[in-house]
Amino acid sequence: MSLLVGITSGEVENKLFPWSPTVLGQNYTYFDAVINNGGTPVMLPITQNANILREIYDHLGGILFAGGNDISPSLYHQEPHPKTTHTSLGRDKAELQLLAWAYEDKKPILAICRGMQLLNVFFGGTLHQNIPKNLPSSIDHINPSEKDMLRISHTLKLASDSLLSRIFESETIPANSYHHQAIDKLAPELKAVAWSEDGLIEGVEGKSEGFVIGVQCHPEAIEKDIVPLWSNLFTAFTQAIHKFEQAASYSSR
Ligand SMILES: [Mn+2]
């Protein structure tokens with residue numbers, strides 16, 4: 001049984017060869033996190049060809065919706081804020097299609113950073129396009145001074161009745177932070193399960209059955225010797241895929 005995990009990709013400028021076409025890519029850390037916790041990662045292309053997407057989708061046991069550029073505000077009926085940049089409606093639409101299929105089939109979904117925001121938009125929620133400065137405390141969510149995704153910048157408080165707190169066996173966990181947007185209005189199909197000290201939603205779970213987890217931080221980039229607990233999230237994800245695949249092969253007999 002293969003635990004094939006699709007990882008969404010982004011459009012990246014090729015700085016080494018500026019004359020070359022846009023690169024489809026994703027950070028190494030996502031692939032390593034999946035490999036180190038029992039999964040087999042495969043990078044998903046961006047295409048509007050639904051037949052091609054579906055053909056790839058059918059092979060996957062689960063999907064990791066990775067981080068990246070801002071989501072097009074038109075998808076949640078807002079005009080773009082001046083700080084909303086590098087949107088890609090093509091990437092958004094391809095990911096929304098994959099998300100719709102995975103949610104319908106109850107294929108495990110792990111959504112990281114932009115991925116969590118996409119999950120909220122998919123279900124009808126909205127985003128803070130630029131994290132407001134008037135929150136109860138002013139935590140630095142984007143580390144402008146260090147630009148270091150490895151650095152721990154704030155703690156998350158977890159809901160006691162959440163899957164996340166069961167996965168970590170803890171109600172707090174230190175997190176890195178690399179986002180200028182955040183969930184504003186939470187979609188009704190999601191429940192908030194993690195918050196930073198200033199009250200921003202930093203983790204969500206689906207309300208119906210199935211593994212649907214979103215986190216605002218970048219657990220894939222947190223090194224194991226810094227916060228070992230974060231790798232539990234990827235283990236739980238691949239375990240959920242294993243269970244899903246077992247159930248699928250049983251029902252197809
Ligand atoms: Mn944060």
Side-chain angles (χ1 to χ4, degrees), residues 3 5-8 30 33-34 37-39 60-67 71 76 95-96 98-128 141 154-177 179 181-220 222 227 229-245 247:
L3 304 182
V5 179
I7 299 179
T8 58
Y30 290 102
V34 168
N37 294 284
L60 305 175
I63 303 182
L64 193 165
F65 291 89
I71 291 165
Y76 48 97
E95 291 187 357
L96 288 168
L98 291 162
L99 188 48
W101 288 330
Y103 185 69
E104 193 187 336
D105 295 342
K106 298 187 167 31
K107 260 185 203 186
I109 292 166
L110 179 59
I112 291 177
C113 195
R114 163 197 159 88
M116 182 184 88
Q117 296 169 1
L118 186 86
L119 204 57
N120 189 48
V121 169
F122 172 74
F123 287 119
T126 66
L127 305 179
H128 288 299
H141 285 277
H154 59 68
T155 300
L156 302 185
K157 189 177 170 299
L158 307 173
S160 56
D161 60 346
S162 62
L163 194 52
L164 272 188
S165 66
R166 284 207 294 282
I167 287 170
F168 300 134
E169 294 179 350
S170 172
E171 287 183 21
T172 59
I173 189 163
N176 53 1
S177 195
H179 56 113
Q181 298 196 333
I183 288 180
D184 183 7
K185 184 175 133 287
L186 183 67
E189 282 83 355
L190 297 173
K191 57 179 178 179
V193 295
W195 300 265
S196 49
E197 293 95 324
D198 51 6
L200 279 184
I201 296 173
E202 294 245 356
V204 297
E205 290 174 12
K207 280 185 180 167
S208 53
E209 63 164 314
F211 186 102
V212 178
I213 293 185
V215 290
Q216 182 59 71
C217 67
H218 282 279
E220 82 289 351
I222 299 175
V227 191
L229 274 182
W230 275 110
S231 72
N232 292 15
L233 178 58
F234 294 95
T235 314
F237 181 45
T238 48
Q239 279 170 352
I241 294 171
H242 184 69
K243 268 173 75 178
F244 173 83
E245 293 280 32

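Owing to the predicted nature of the structure, the values given are computational and were not obtained by experimental measurement. For the numbers below, each heavy atom of this structure counts, side chains included, while hydrogens, waters and symmetry mates do not.
Minimum interatomic distance between Ile7 and Ala66 (heavy atoms only, all atoms of both residues): CG2-CB, 4.3 Å. For the pair Lys191 and Gly206, the tightest heavy-atom approach, listed with the atom from each and the gap, is CE-O, 4.4 Å. Heavy-atom minimum distance, Pro219 versus Ile112: CG-CD1, 4.1 Å. Heavy-atom minimum distance, Cys113 versus Gly67: CB-CA, 4.2 Å. Nearest approach of Pro108 to Gly61, heavy atoms of both residues: CD-O, 3.3 Å. For Ser208 against Tyr103, the heavy-atom pair with the smallest separation is OG-OH, 3.0 Å.
Residues Asn176 and Trp230 have side chains not in contact (no heavy-atom distance under 4.5 Å, counting atoms from C-beta outward).
Among the candidates Glu95, Gln216, His179, the single residue satisfying the side-chain hydrogen bond (donor to acceptor under 3.5 Å, both in side chains) test with Arg114 is Glu95. Checking Leu164, Leu119, Leu190 one by one against Glu205, the side-chain contact (heavy atoms from CB on, under 4.5 Å) holds for a single residue, Leu164.
One finds the CD1 atom of Ile213 at 4.0 Å from the CG atom of Leu163 (value rounded to the nearest 0.5 Å). Atom CG of Leu158 and atom OG1 of Thr172 lie 7.0 Å apart (nearest 0.5 Å). To the nearest 0.5 Å, atom OG of residue Ser165 and atom CD of residue Glu171 are 5.5 Å apart. Between the CG atom in Leu60 and the CG atom in Leu3 there is a gap of 12.0 Å [rounded to 0.5 Å]. Within the model, atoms CG of Asn232 and CZ of Arg166 stand 13.5 Å from one another, a figure rounded to the nearest 0.5 Å. In this structure, Leu200 CG and Asp184 CG are separated by 9.5 Å, a value rounded to the nearest 0.5 Å.
Here the side chain of Thr238 pairs a donor or acceptor atom with the backbone of Asn37 at under 3.5 angstrom. Distance alone, capped at 3.5 Å, is enough to place a donor-acceptor pair between the Gln117 side chain and the Gln181 backbone. Without hydrogens or angle criteria, Thr8 side chain to Phe65 main chain gives no donor-acceptor distance under 3.5 Å.
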Apply side chain to side chain contact (heavy atoms under 4.5 Å, CB included) to residues Leu186 and Asn120 and explain how you reach the verdict. CA-CA 6 Å; Leu186 183 67; Asn120 189 48; 3.8 Å; yes

Verdict with supporting geometry, Leu156 and Phe168, side chain to side chain contact (heavy atoms under 4.5 Å, CB included): CA-CA 12 Å; Leu156 302 185; Phe168 300 134; over 6 Å; no

Can you list the steps and then say if Ile63 with Lys107 is a side chain to side chain contact (heavy atoms under 4.5 Å, CB included)? CA-CA 8 Å; Ile63 303 182; Lys107 260 185 203 186; 5.6 Å; no

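Enclosure of atom NZ in Lys207 by more than 12 non-hydrogen atoms of other residues, nucleotides or ligands within 6.0 angstrom is indicated.
Looking at residues two or more places apart in sequence or on another chain, you find a side-chain hydrogen bond (donor to acceptor under 3.5 Å, both in side chains) between Glu220 and Tyr30, His218.
Checking Glu202 against His154 by side-chain atom types alone, a donor-acceptor pair falls below 3.5 Å.
Here Phe244 and Phe211 keep their ring centres 6.0 angstrom or further from each other.
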